[in-house]
K.L.:
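My questions all concern the structure below.
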Amino acid sequence: MRLFLLTTITMIAFAANSILNRLAVDSGAIDPASFAILRILSGAVVLTAMVLLRGRRVPILAPRRLIGAGSLTLYMIGFSWSYLTLEAGLGALVLFGVVQLSIFAIAALTGTPPLGRQLAGAAIAFAGLVWVLWPSGTVAVDSTGLLLMVLAGIGWAIYTLEGRNERDALAGTAANFCVASPLVALGALMIPVATTITAPGIALAVLSGAVTSGMGYALWYSLVPRYAPSLVAIIQLAVPVIALIAGAVLLGEQASVKLIFGTVLVLGGIALAVSTSHATRRKRATSP
């Protein structure tokens, strides 16, 4: 139950990032580049302070920073750039589809391929996402935006799995944010949009970086080793649905029958995959 609650909190934090981004950027309170820079910097500052206050060090020079910070940079830059030309719903489908495929492929190559019912659960959950997020009418796909979102998905998949190698989730996340900050800032500054910064925009960016990104990512790193690699991909399919439901509740957006049906599919697929994992562990535990 504790694992379930912590995982739910983490997925809500991830979904909150989407809400905060929309509140800040879509309202014109801040431009995407400034939001990305403030997000990564505030996360680095808060996480580093938390680590130091606990009397621990931030392992910036550890060899695994090359993978952790590098993949985090790839995700944040690819994500920020792609949404300049890619429709939001289609972008989410591409992102989570690539995350699924990348984690499944890496898991298979490292000797932990997904089980049959986990694949079935993933297919059902992703079908729910397609049902909810697929754009209506003609879909115009910008090739550059599509490529950037694919890179973002690969980056997040690698970053997620790298969490299995972190002995100290908080310190590791702080180090990743510190190393990635100048790289993300450099990439974000290259985004060709006019600079807009207001006090509400700054507040939303800092909240996203310090709390829902920084602390959310640290909590995720502490949970990832407790799941099979395939499950960490499937569980994250709940994030877009949570974001849509939160949008309906907090932003007054319409909650359609389509959203309700898609939510049932997503949660049902996740439940199938998770129950499969639990059944497998019980079987192994009772085997002679």
Side-chain angles (χ1 to χ4, degrees), residues 1-21 35-77 79-80 99 103 106 152 154-185 188 202-229 231-233 235-236 238-239 242-243:
M1 179 59 69
R2 182 173 182 272
L3 179 60
F4 171 77
L5 290 175
L6 291 175
T7 303
T8 300
I9 291 171
T10 305
M11 296 304 103
I12 291 173
F14 290 174
N17 274 324
S18 174
I19 298 296
L20 292 171
N21 193 312
F35 185 91
I37 293 171
L38 287 173
R39 178 185 177 190
I40 189 77
L41 287 176
S42 58
V45 170
V46 170
L47 290 172
T48 298
M50 291 176 66
V51 172
L52 296 178
L53 286 172
R54 295 186 179 191
R56 301 202 296 267
R57 66 181 185 86
V58 179
I60 292 177
L61 299 180
R64 57 181 173 274
R65 288 292 80 74
L66 206 60
I67 298 176
S71 57
L72 179 62
T73 301
L74 180 62
Y75 162 68
M76 286 202 166
I77 291 179
F79 186 84
S80 297
V99 168
I103 291 181
I106 295 171
I154 294 172
W156 182 252
I158 295 172
Y159 183 78
T160 293
L161 292 180
E162 181 61 16
R164 303 175 72 84
N165 301 319
E166 286 289 356
R167 297 179 181 177
D168 186 330
L170 181 62
T173 306
N176 285 333
F177 269 64
C178 287
V179 175
S181 288
L183 301 175
V184 172
I202 293 173
L204 291 168
V206 170
L207 179 61
S208 174
V211 181
T212 57
S213 292
M215 295 182 187
Y217 289 12
L219 181 56
W220 184 229
Y221 257 26
S222 72
L223 298 175
V224 165
R226 303 174 67 178
Y227 286 109
L231 281 182
V232 303
I235 290 169
Q236 292 179 85
V239 173
I242 295 173

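Just so it is clear, the model here is predicted, and its values are computed rather than measured. All residue numbers refer to positions in the sequence shown, counting from 1.
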K.L.:
Counting only heavy atoms from other residues, nucleotides and ligands, does the tally under 6.0 Å from CG of Leu52 exceed 12?
P.N.:
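Check passes, neighbour count above 12.
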K.L.:
Closest approach of Val224 and Arg164, non-hydrogen atoms and distance?
P.N.:
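Result for this residue pair: O-NH1, 3.1 Å.
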K.L.:
Check side chain to side chain donor-acceptor pair (under 3.5 Å) between Ser208 and all other residues, then give those that pass, not counting sequence neighbours.
P.N.:
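Side chain to side chain donor-acceptor pair (under 3.5 Å) check on Ser208 returns Asn17.
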K.L.:
Is it the case that the side chain of Arg167 and the backbone of Gly172 share a donor-acceptor pair, with hydrogens and angles ignored and the cut-off at 3.5 Å?
P.N.:
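A pair under 3.5 Å: no.
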K.L.:
So, does Thr48 use its side chain to make a donor-acceptor pair with the main chain of Val45 at under 3.5 Å?
P.N.:
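Checked: no pair found.
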K.L.:
Ala210 and Val46: which non-hydrogen atoms are nearest, and at how many Å?
P.N.:
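Scanning both residues, the minimum pair turns out to be CB-CG2, 3.5 Å.
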K.L.:
Apply the side chain to side chain contact (heavy atoms under 4.5 Å, CB included) test between Asn176 and each candidate in Ile67, Thr73, Leu72; give the one that qualifies.
P.N.:
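Answer to the side chain to side chain contact (heavy atoms under 4.5 Å, CB included) test with Asn176 among Ile67, Thr73, Leu72: Leu72.
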K.L.:
Please state whether the rings of Phe14 and Trp220 are parallel, tilted or perpendicular, taking 30° and 60° as the class boundaries.
P.N.:
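It falls in the perpendicular class, over 60°.
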K.L.:
Which atoms form the tightest heavy-atom contact between Pro225 and Gly163, and what is the distance?
P.N.:
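Pro225 and Gly163 have their closest heavy atoms at CG-O, 3.8 Å.
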K.L.:
Kindly indicate, with the supporting measurements, whether the criterion side chain to side chain contact (heavy atoms under 4.5 Å, CB included) is fulfilled by Arg226 and Thr7.
P.N.:
CA-CA 11 Å; Arg226 303 174 67 178; Thr7 303; over 6 Å; no
K.L.:
Could you report the tightest heavy-atom contact between Ala218 and Ala169, atom names first, then the distance?
P.N.:
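The answer is O-CB, 3.5 Å.
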K.L.:
Above 12 or not: heavy atoms from other molecules or residues under 6.0 Å from CG of Leu61?
P.N.:
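At most 12 heavy atoms, drawn from other residues, nucleotides or ligands, come within 6.0 Å of this atom.
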K.L.:
What residues form a ring pair (Phe, Tyr, Trp, His ring centres under 6.0 Å) with Tyr221, not counting sequence neighbours?
P.N.:
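Result, ring pair (Phe, Tyr, Trp, His ring centres under 6.0 Å) vs Tyr221: Tyr159.
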K.L.:
With rounding to the nearest 0.5 angstrom, report the CG to CG distance, Leu20 to Leu207.
P.N.:
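CG of Leu207 is found 5.0 Å from CG of Leu20.
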K.L.:
For residues Val58 and Ala174, report the shortest heavy-atom separation together with the two atoms involved.
P.N.:
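The answer is CG1-C, 4.1 Å.
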K.L.:
For the atom pair OG1 (Thr10) and CE (Met215), what is the distance rounded to the nearest 0.5 Å?
P.N.:
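Going from OG1 on Thr10 over to CE on Met215, the span is 13.0 Å.
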K.L.:
List the steps, then state whether side chain to side chain contact (heavy atoms under 4.5 Å, CB included) holds for Phe177 with Tyr217.
P.N.:
CA-CA 10 Å; Phe177 269 64; Tyr217 289 12; 3.5 Å; yes
K.L.:
Kindly compute the distance separating OG1 (Thr212) from CD1 (Ile19), expressed to the nearest 0.5 Å.
P.N.:
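The distance works out to 10.5 Å.
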K.L.:
If you look at every heavy atom in Ile37 and Ala185, which pair is closest and at what distance?
P.N.:
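Result for this residue pair: CG1-CA, 3.7 Å.
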K.L.:
What distance separates Arg65 CZ from Ser71 OG, expressed to the nearest 0.5 Å?
P.N.:
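Reported to 0.5 Å precision, the distance equals 10.0 Å.
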K.L.:
Look up atom CZ in Arg39 and atom CG in Leu204, then write down how far apart they are to the nearest 0.5 Å.
P.N.:
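If I round to the nearest 0.5 Å, the distance is 12.5 Å.
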K.L.:
Flag the pair Ile103 / Leu161 as yes when at least one side-chain heavy-atom distance between them is below 4.5 Å, and no otherwise.
P.N.:
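The answer is yes, as the side chains (C-beta and beyond) meet within the 4.5 Å cut-off.
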K.L.:
Got a donor-acceptor contact below 3.5 angstrom from the Glu166 side chain to the Glu162 backbone?
P.N.:
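No, the answer is negative, given that no donor and acceptor are paired below the 3.5 Å cut-off.
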K.L.:
How far does SG of Cys178 sit from CG of Leu47, to the nearest 0.5 angstrom?
P.N.:
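If I round to the nearest 0.5 Å, the distance is 8.0 Å.
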K.L.:
Going by side chain to side chain donor-acceptor pair (under 3.5 Å), name the residues that satisfy it together with Arg56, two or more places apart in sequence or in a different chain.
P.N.:
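Listed in chain order: Asp168.
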